[in-house]
Each structure stands twice: as C-alpha cells, then as structure tokens.
Amino acid sequence: MALRVFNTLGGKKERFEPLEPGRVRMYVCGPTVYDACHIGHARSVVVFDVIARYLKAKGFEVTYVRNFTDVDDKIIDKANQLGIDSMAVAEKYIKEFYNDMDALNVERATIEPKATEHINQIVQFVEKLIQKGFAYRINGDVYYSVEKFNEYGKLSGRRLEDMEAGARVDIDERKQNPFDFVLWKSAKPGEPAWESPWGMGRPGWHIECSAMSNEYLGETFDIHGGGKDLCFPHHENEIAQSESVSGKLFVKYWIHNGFVNINQEKMSKSLGNFLMIKDVLKIYHPETVRLFLLSNHYRSPIDFTDKALDEAKTGLDKIYALLERIEKEIGVQPDQNIEPGDCWQRFSDAMDDDFNSARGIGMLFDTVRSMNRLLDQKKNHGSPEIKKAAQSDHSDILRIGSILGILMESPKVYFKRKQTRVLERQSIDPDVIDQMIAERDQARKAKNWAKSDQIRNQLADMNIVLEDRSEGTIWKIND
RNA sequence: GGCGGCAUAGCCAAGUGGUAAGGCAGCGGUCUGCAAAACCGCUAUUCACCAGUUCGAAUCUGGUUGCCGCCUCCA
C-alpha cells in the first residue's frame, strides 16, 4: 500500500512521493533551549521519531535534521536571571533535552545542528535576501518584507489584509508592515553577538531553520515538521525566506502535530500546569508515556490525565504479558530473521494512512487477543502450526514495537524492574513475599482455604496479586 | 474581527460514501477450592442537531448549537 500523508500545505492527504526515489529528507523544528522539556515537546519529538523510524522501515534512506535554537531572547533572559552566560544556559538545557529524550527512547536525528554554529550560513542567507530585495535594514537590524513575497500566508491560509484587522501585534513604526519579521538583530551590550555586515548582532528566530535546512537538505526537501503552533508565523516565515532566495518550492510535505492538554486545559504559564518530562518519568515507565502519546492520531489534541496514563500502562503490561507467555509456553525467542506477517501488515496499512499509530495500536491489541485465544487452547501447544503462528506474531509485535519505540525490554526484565521499583517504594522485601507464598502453598495443599485466602489478602494489601498457575504460583505487582 | 479544528457507547479512541476497529471500566460466562490472568458473550440499529445530495452518509453539501486552537513567545 502506498503511503499517504496529510500535508498542511493544501490541507489534504496526499500520496507520499519523495523528490528522490528511495530517499527522504526531513527537517523538524527542535526546541529553544531555555528551559526543561515538557510533555508537549515529548509528543512532537516522539511523533517525528516514529515517522522517521517508519520511513526507514519502509526502506527509505532517511536524512533527518532536528535543530537546537541556542540563541534567542528567552535564553538571554534566562541567563540574566541566573547570572550566567547564555551559552551555558543553552548547553545545560541541551543536556537536559538529551536526558529526557534518551529516557523516552528517542533515536538521534541524523544531524542535530545548532544555530550558533551556523552564523556564517545565516549571514549569507540574509545577505541574499537583501540583494534580492526581500529584506531591508534599519540601522543594525534587518527585516524581511512580507509584502514582497506574493505567496505569504499560503501555508497557514491567511492573508495579510485579514490579519491586520484584528491582530494584536506590537506596532513598530520602523517596520514597513507590522508582520515584517527580524532576520538579524543588533546586539545590546552584554548580549551574545557575532560580526555581520550590519554590525554585531544575532540571528532572528526564523532564519536559522532556512539556513540550516538549506545547508543539510538543499533548497527543496521532502518533509518539514513541528508543532501546530509553529505553522504561523514560524513556518510561514521560513517558506518566505527560503523561497525568496531559491525561487523554488521549499518543502513538499508539511506535517504538524497537535497539542497535549493537561486535564482538558492547555499547558500555559499562567495556569502553571506545565508537565515536565522528567517529572512524568518519575511516575510512569517511558514506554507507557510513548504508548499514551501514540494512542491518538498525531494531528488530534491529546489529553494528559492520570486515567489515560494508567490505561496505557495496563495496555503495555498486557502486551508484555503476551510476549512472556509466548516465550514461556512455546519457547519462542526474539528472532529478527522472521518475515513480516499479517499482524505487521495490518499495522503497516494503518501507518501508511497518514501515520495512524492509533489505528495501528488497535491492530496490535487485536493480535494480542487472538494469540492469547490460541494459547488458551492448551492441547495443541506442541503443534508446528501454533509454533509458527506464535513465532510470526511474536516477531511482528516486536517489529511494531521497534517503530513505536516500545517493547524494547525483555518481558522478564520489564516485569522484574517494575517489581523492584514498587517493592522499593513500599519497602517490601521480596523474600518475605516468597515466604508468604510458600506458607500459603502449604495451606493450600492441606486444603486450608481460610488460611490460604488470608495470606492472599495480606499480599493484596501490599499490592501483590497472585496467579495460581499449573506450574506454580506466581505474583505480580500492582503499581 | 480573521483563519482553522473538533463533536462517535460510562470514559478514551479509530473510522472521509457501502452499513460502527481497538483500549479502559462494568455485567454475565468458561477456567479455578475460591481468586487472579486469559478467553467468550453482552454494553452505540447508531455517530451533537436540522435540512439536502445519493440506491446507500458517522463519512459529501448547506445551516444551527457547543467546545477548542491559532492570529503574541510557545511542541
């Protein structure tokens, strides 16, 4: 099946055909590093991580560029607040970004450029814009003139005339149009600054993406992504800058992800409800967070609630439990040489439809249920048919996991770690549990159900759930 | 004021013309000493409302209502 993607430019799903067959070049706007990453960053980064993984799985050679904005007013403000150098602020939060994203099992992009390491390219880009008459100087500042670009507004579907009516824009009398934006900003004393034909200064926000994408992906490339909020003005401005210089189409497919709400509310400074990734990860397994983030279509808003996260956790446990069951009962081990089967095919069909991970996850649970059903019919466990089916599903589930970035641990390790975590939190000694289970076993053998149930209830109060299986009693933890 | 999105069972959610995926919760059943887990069955004759197009619409068109986002830094 052919891959289809929703293109913000044009507003509809289109068949995906990269400029160069077999190769995909994509650029995703990374963070401005002035603070820790919140769950909204996580969504964007995870969504595009999955898109890149899926494209690779489909056989494309993917060049993925994700930048860091490491010079910016907000970074400077933060530096002043902390009384440290702005580069130190950027460094600190880049480090935190990697900590968070590594924890979330996000793969590194092919190239992760920083604005401050591309000042030459940026200056040259601005010079070209001035030469071509799209930009003008006011003392040490350089502005882009939106009226010079006929197609300004084509991405976000706005027209300059419409916006002026009610826009809440600071009127800067020096600008030719209120929507003109800064390409190069002159430095005040103490601010980070680089030399330029217009004096010491720093790049405006939008220009770095035009300059760096051009540097690594060329004048025209396949996919440009980011959060929905970047559509205007950031991406609109990137198009204006890049297409003014090249005279060519900048990006073929624009992909924008929706927001994360917290209990139905937008995250905002005033509500003080920013959820930081590192805090979320103190409570939830990274794979739980990923499964949650991918359980809605990437373009829809998603609501972060404890209930939703608990459901994701239950779902993840269920998948791991099946993997463990297959491995134990059928003796199947992970094997990457097994050909993709029906399960993968259904998942892949869902992903081909605008990266519909939500539907794909539905397909995954379908497989989990049917495999459990098959395994419930105990009598045939030795049969070659069951073994083959189990092997195929097992391998497909792991393959799907490798796209979603989940199921990376062996089930044994996953459940063990979970136990350790919860037991430590509750300060329970696992030996005590084993002792109690042994004691209960004795009682059961003596058919002393009262005592047996009493022990089980005691354990239940410690969040320990028993399962009496034919091969013996096992215990699981409720976290 | 301008632009855009959304409205599907108790909750979450997929579904863009062919007769409602999946998850969670609940109830009943199989299994079990009883449970747990797993599985099976039940839970939307119906997709905010009204009108229209069509042999046929949750899906298309027009309108109404409600919610949300963007237009200012924002993933």
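To find a chain, count down the sequence lines: A is the first, B the second, and so on, and within it residues start at 1.
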Pick the [atom1] atom in [N] and in [M], then give their distance to the nearest Å.
{"N": "B:A9", "M": "B:A21", "atom1": "C1'", "value": "14 Å"}
{"N": "B:U53", "M": "B:C24", "atom1": "C1'", "value": "39 Å"}
{"N": "B:A25", "M": "B:A38", "atom1": "P", "value": "9 Å"}
{"N": "B:C12", "M": "B:C68", "atom1": "P", "value": "15 Å"}

Is [X] touching bases, backbone alone, or none of the nucleic acid, heavy atoms closer than 4.0 Å?
{"X": "A:G258", "value": "base"}
{"X": "A:G227", "value": "sugar-phosphate"}
{"X": "A:V260", "value": "base"}

| task | Assign a letter to each nucleotide of nucleotides 34-40 of chain B from its 5' end: B, base within under 4.0 Å of a protein heavy atom; S, sugar-phosphate only; -, no contact. | result | BBBSBSS
With a 4.0 Å cut-off on N to O distance, would you call [X] and [Y] a salt bridge?
{"X": "A:R417", "Y": "A:E409", "answer": "yes"}
{"X": "A:R202", "Y": "A:D73", "answer": "yes"}
{"X": "A:R290", "Y": "A:D49", "answer": "yes"}

Looking only at the side chain of [X] (C-beta and beyond, no hydrogens), which of the listed nucleotides [options] gets closest?
{"X": "A:T314", "options": "B:C70, B:C73, B:C24", "answer": "B:C24"}
{"X": "A:A358", "options": "B:A13, B:A75, B:U16", "answer": "B:A13"}
{"X": "A:F179", "options": "B:A21, B:A75, B:C71", "answer": "B:C71"}
{"X": "A:S44", "options": "B:G2, B:A21, B:A75", "answer": "B:A75"}
{"X": "A:M267", "options": "B:C74, B:A21, B:A75", "answer": "B:A75"}
{"X": "A:N257", "options": "B:A75, B:C24, B:G22", "answer": "B:A75"}

Is it true that [Y] and [X] share a donor-acceptor pair across their side chains at a distance under 3.5 Å?
{"X": "A:N372", "Y": "A:R325", "result": "yes"}
{"X": "A:N463", "Y": "A:Q426", "result": "yes"}
{"X": "A:E236", "Y": "A:S156", "result": "yes"}
{"X": "A:T473", "Y": "A:E467", "result": "no"}

| said: Given the structure, check if the side chain of A:H38 and the base of B:A75 hold any donor-acceptor pair shorter than 3.5 Å. | reply: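 Checked by distance alone, the answer is yes.
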| Is the base of B:G33 touched by the side chain of A:S452 through a donor-acceptor pair closer than 3.5 angstrom? |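 By the distance-only test, yes, there is a pair.
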| task | Verify the ring-centre separation between A:H256 and A:H235: is it less than 6.0 angstrom? | result |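 Between A:H256 and A:H235, which both carry aromatic rings, the centre distance is below 6.0 Å.
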| field | Ring-base stacking, A:F259 with B:G69 (5.5 Å, 30° cut-offs) | value |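 A:F259 ring does not meet the centre or angle cut-off for B:G69; no stack.
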| message | Name the residue from A:L183, A:I138, A:N177 that meets the side chain to side chain contact (heavy atoms under 4.5 Å, CB included) definition with A:Y143. | response |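 Among the candidates, only A:I138 passes.
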| More than 12 non-hydrogen atoms from neighbouring residues, nucleotides or ligands closer than 6.0 Å to NZ on A:K13, yes or no? |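 It does: A:K13 NZ has more than 12 such atoms within range.
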| request: Look at the aromatic rings of A:W344 and A:Y54 and report parallel, tilted or perpendicular, splitting at 30° and 60°. | output: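 Aromatic pair A:W344/A:Y54 classed tilted.
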| According to the interplanar angle, ranging from 0 to 90°, do the rings of A:Y414 and A:Y320 count as parallel (below 30°), tilted (30 to 60°) or perpendicular (above 60°)? |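 Plane angle under 30°, so parallel.
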| said: As a check on the pairing definition, encode RNA chain B in dot-bracket form, counting Watson-Crick and G-U wobble pairs whose two distances are under 3.5 Å, and using | for partners outside this strand. | reply: ((((((((.[[[..)..(...]]].(((((.......))))).....[[[[[..)....]]]]])))))))....
Polar atoms only, N or O, under 3.5 Å: list the protein pairs with nucleotides 4-6 of chain B and their distances.
none

| Side-chain N,O (A:S300) to OP1/OP2 (B:A14) below 4.0 Å |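 Yes, A:S300 has a side-chain N/O under 4.0 Å of OP1/OP2 on B:A14.
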